[in-house]
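I have placed the structure first, in the form of C-alpha cells, so that the comments after it can refer back to it.
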Amino acid sequence: MADKITPRETNYSQWYVDIVTNAKLADYSPVKGCMVIRPNGYALWEKMQSILDRMFKETGHRNAYFPLLIPESFIKKEAEHVEGFSPELAVVTHGGGDELDEPLIIRPTSETIIWSMYKKWIQSYRDLPLLINQWANVVRWEKRTRLFLRTTEFLWQEGHTAHATEQEAKEETLKMLFVYQKFVEEYMGISVIVGEKSESEKFAGAVKTYTIEALMQDKKALQAGTSHFLGQNFAKAFDVSFQNRKGDLEYVWATSWGVSTRLIGALIMSHSDDKGLVLPPKIAPVEIVIVPIYKNNTKSTVIIYAENLYNSLKDKFSVIFDDDDQNKPGWKFSEWEMQGVPVRIEIGPRDIKKEQIVVARRDTGEKINVKRNSAEEKIRTLLEDIQNNLFRKSARFRQENTYQTADYNEFKEVISQKGGFIQAGWCGSAECEKKIKEDTKATIRALPLAKEETDRRKCIICGREAKYTAIFAKSY
RNA sequence: CGGGAUGUAGCCUAGUGGCUAGGGCGCCUGCUUUGGGAGCAGGAGAUCGGAGGUUCAAAUCCUCUCAUCCCGACCA
C-alpha cells in the first residue's frame, strides 16, 4: 500500500495535514476555516483539559461560563481591544427572523462580557481576588486557516482574574505563565522559551503579554500559551472599582491567560515522525495497545494469554486490546503507530513459550523482550522513559536551533538558511523591530525572562545600546 | 485578500469532444489467512463540485460560481 503520510522532507505542510487526517484527529467542515475535532483529537483535548483544570483549581481558580454572544458595543469600550479584534469579528445581525436593534458579536475572547459582569460582582476589597476560568469556544475570522493551528472557531480556556493591587495581578500573570510552562514541558514534553512579548506583539488591551514559545520541527516558532497583565484597562473601560480598607475607591487590576486547541498542533509538530503521530505518555489517551499474533491453531492460546495481560494492566494503564480478527498484525502496527500510541505489546506463540512479551516503543521504534512477570514494572518505567526522552529531544532540538549573533548579515543568513531561534540584542524601538520583519519575516517571539549573560550589548539593527536580548524567529 | 494548484464512488486516481466513465484502496458476502498495511471468488457504490453556455454529441471546450490545499500579506 502506498504511504499515506507525506514525508516531512517532501512537504512539511502536507505532512502535518496528513498526520491530522490519518490519525483521525480532525476533519474539514462544510464551513470554510472550521474543523471537526474527531474522537481521537477530542480525547487529546480532554486529557489536556483535565490536567490543566486540576492545575487551575490547585491555584485557586473556579470555572464559570459566560455567553457566546456579546453586545457589539462592549467590544468597543477598550480602545486597543477594539482595534485589535475588529478585523476578525463574526457579527450576528438577525435573530428570530428580525434584524436586531444592536448587532451581537460572537466572542473572539471574553474580556468585555466578563468585565461587564465583574462590575456587578465587585464592590469591596473583600470580593477580591476574583479568580475565574472558563472553557469555551471562540470565533476569530481568519484569512488563512490551518487545522488546529489557526481555525475560525477554536476551543480554549480563558482565565480572567481581578485583583486589589497591581503587584498581586502581576504575580498572578506570571504564576499562570509558569503553570503553562510546567504543563507544556512536563506533560506535553515540549521545551519552551518563557518570555515577554514586545509592544507590537502583545495582546490588544494588555499592558504586558507573556508567552511560552516552542520551536517546531520545521524551525518555525509557535506561541503555545499566553498570559496577560491587563493593568486597569478593562476596569476603567467597564468602570469596575472597589472600596479598599481605607474606604477609598480604586480601579481593579486584571489578568487574563489562555491556551487553546492549538496546543494539539504544537504537539504534532514537536514529536511526530513520518510514520504518524507520536504522543508523550502523559498526554496520550491510550498508552498501550496489545496486538495478539496467532495462526488458527494458536489463536485461543494467544488470546487467553493476551487477555490475561490486558486484565492485569487495565486498572493501572490506559490500554487497548486489539483483538479484531479482520486485520493482520502488520496492519495494526501501522495503524496504532499512525495514532501515536506510545507503547505496543506484541504477543505471539513464540512469546508464550518463553513466558515473555514483545514491547515496542513509538518514539524510537525499538522492540524489546520483556518477561511476562515483570511486564507491569517494565512498562511503567518505559512510559516514563518515553516521556523523558521526548522532552529531552525537544529541549536538545531547541538548543541546537538557537543561534546567537551580533551581526545583522549573519542574522539574515541564519533566518533564511537555517531557521530556528536567534538571540540578539535589541534597542527596544518599534522601528528596528519592523525593519527586521520586513527584511527577514522574522519577529520577536519573546524577551526571555531568564536573563542569560550575553555580550550582545548593541542592537542588531541600529547599533545603539541594547535594552533587551530578544529571541527572533519566523513563526506560525 | 492577492498568486498558484486541484475538484471524477468513503479515499486515491485514469480518462484533451464520440458507444454503457475505467482502475486501486476501502466497504459488503463467503472461504483461506495472521511475527510489519494478506489471498481468492462474488457484490454494492458516480446525476464527473455547482450553474449557465457552445455542440449532433461535454467529465473533456467557454463563462460564472463554490470549495479545499499550497505560497504570500494579517492573526492564538
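Letters go in sequence order (proteins before strands), and every chain restarts at 1.
Atom CH2 of W336(A) and atom C1' of rG35(B) are 19 Å apart (whole Å). What separates CD1 of I357(A) from P of rG35(B) is a distance of 19 Å, to the nearest Å. rC25(B) atom C1' lies 14 Å from atom CD of E335(A), rounded to whole Å. What separates CD of Q326(A) from P of rA38(B) is a distance of 13 Å, to the nearest Å. Protein atom CG of N327(A) is 8 Å distant from nucleotide atom P of rA38(B), rounded to whole Å. The nearest whole Å value for the distance from the OH atom in Y210(A) to the P atom in rA76(B) is 17 Å. If you take CG of L267(A) and P of rA76(B), they are 21 Å apart, rounded to a whole angstrom. Summarising the geometry, the separation between NZ on K295(A) and C1' on rU32(B) is reported as 13 Å, rounded to the nearest angstrom.
The base of rG35(B) sits with one of its N or O atoms less than 3.5 Å from a complementary donor or acceptor on the side chain of D351(A). Contact annotation: side chain of K367(A) to base of rG36(B), donor-acceptor pair present below 3.5 Å.
Only the C1' atoms considered, rC66(B) is 10 Å distant from rA51(B), to the nearest whole Å. On the C1' atoms, rA76(B) is 31 Å away from rG7(B), given to the nearest whole Å. Between the C1' atoms of rC48(B) and rU16(B), the separation comes to 15 Å (whole Å). Straight-line distance between the P atoms of rA21(B) and rU47(B): roughly 12 Å, to the nearest whole Å. Across the C1' atoms, rC62(B) and rG24(B) are found 33 Å apart, a figure rounded to whole Å. Across rG23(B) and rG45(B), the matching C1' atoms stand 15 Å from one another, rounded to whole Å. For the C1' atom pair drawn from rA59(B) and rG49(B), the interatomic distance equals 12 Å after rounding to whole Å. The separation of rU60(B) from rG4(B), taken at their P atoms, amounts to 22 Å, rounded to a whole angstrom.
As judged by a 4.0 angstrom heavy-atom cut-off over every strand, F154(A) is placed among the base-contacting residues. P87(A) comes within 4.0 angstrom of no nucleic acid atom, judged by non-hydrogen atoms across all strands. Among the protein residues, L222(A) comes within range of no part of the nucleic acid, since none of its heavy atoms lies under 4.0 Å from any strand. Nucleic acid contact class of K197(A) (heavy atoms, under 4.0 Å, all strands): none. Using a 4.0 Å heavy-atom criterion, one finds that T151(A) contacts the bases of the nucleic acid, with or without backbone contacts as well. E346(A) comes within 4.0 angstrom of a base, heavy atoms only. Within the 4.0 angstrom heavy-atom criterion, base atoms lie near E142(A). Contact annotation for M338(A): base contact, defined as any heavy-atom pair under 4.0 Å involving a base atom.
Within 6.0 Å of CH2 in W141(A) there are 12 or fewer heavy atoms belonging to other residues, nucleotides or ligands. By the neighbour-count criterion of 12 heavy atoms within 6.0 Å, atom CZ of R54(A) is densely surrounded, having more than that number from other residues, nucleotides or ligands. By the neighbour-count criterion of 12 heavy atoms within 6.0 Å, atom NZ of K434(A) is sparsely surrounded, having that number or fewer from other residues, nucleotides or ligands. The environment of CD in E9(A) is sparse: at most 12 heavy-atom neighbours from other residues, nucleotides or ligands sit within 6.0 Å.
The phosphate of rU34(B) (OP1 or OP2) has no side-chain N or O of K328(A) nearer than 4.0 angstrom. Contact check, N296(A) against rU33(B): a side-chain N or O comes under 4.0 Å of OP1 or OP2.
In a base pair of the Watson-Crick type (N1 to N3 plus N6-O4 or O6-N4) or a G-U wobble (N1-O2 and O6-N3), with each distance short of 3.5 Å, rC1(B) is matched with rG72(B). Within the shown strands, rG43(B) is the pairing partner of rC27(B) under the Watson-Crick or G-U definition, both distances less than 3.5 Å. rC56(B): Watson-Crick or G-U partner is rG18(B), with both key distances under 3.5 Å. Base pairing annotation: rA9(B) forms no Watson-Crick or G-U wobble pair, as no partner gives both donor-acceptor distances under 3.5 Å. The pairing partner recorded for rU33(B) is none, the criterion being a Watson-Crick or G-U wobble arrangement whose two distances lie under 3.5 angstrom.
Mapping A224(A) and R344(A) onto RNA chain B by nearest heavy atom places R344(A) at the nucleotide closer to the 5' end. Where T226(A) and I347(A) meet RNA chain B, the nucleotide closest to each residue was compared, and I347(A) sits on the side nearer the 5' end.
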Please determine whether ring pair (Phe, Tyr, Trp, His ring centres under 6.0 Å) holds for the pair F85(A) and F203(A), giving the CA-CA distance in whole Å, both sets of side-chain angles, and the decisive distance to 0.1 Å. CA-CA 10 Å; F85(A) 280 105; F203(A) 174 73; 5.8 Å; yes

Does the pair W257(A) and F56(A) meet the rule for a ring pair (Phe, Tyr, Trp, His ring centres under 6.0 Å), with working shown? CA-CA 11 Å; W257(A) 27 274; F56(A) 296 156; 5.2 Å; yes

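Inspection of the S227(A) and T173(A) side chains reveals no N or O donor paired with an N or O acceptor under 3.5 Å. D322(A) and Y310(A) are not linked by any side-chain donor-acceptor pair at a separation below 3.5 angstrom, with hydrogens and angles left out of the test. Side-chain contact, H228(A) with T209(A): a donor N or O sits under 3.5 Å from an acceptor N or O.
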Taking protein heavy atoms under 4.0 Å as touching, what does nucleotides 65-72 of chain B look like 5' to 3' if B marks base contact, S marks sugar-phosphate-only contact and - marks none? ---SSSBB

For nucleotides 9-14 of chain B, read 5' to 3', which letter fits each nucleotide if B means a protein heavy atom sits under 4.0 Å from the base, S means only the sugar-phosphate is that close, and - means neither? ------

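Closest to the side chain of S334(A), out of rG35(B), rG36(B), rA76(B), is rG36(B).
Remark: K299(A) does not engage D323(A) in a salt bridge, criterion side-chain N to carboxylate O under 4.0 Å.
The aromatic rings of Y118(A) and F66(A) stand perpendicular to each other, their planes meeting at an angle above 60°, with 30° marking the opposite boundary. Ring geometry for F411(A) against Y408(A) counts as tilted: the plane angle lies between 30° and 60°, on a 0 to 90° scale.
Applying the ring-ring contact (aromatic ring centres under 6.0 Å, His included) rule to Y16(A) yields no partners; only residues at least two apart in sequence or on another chain are considered.
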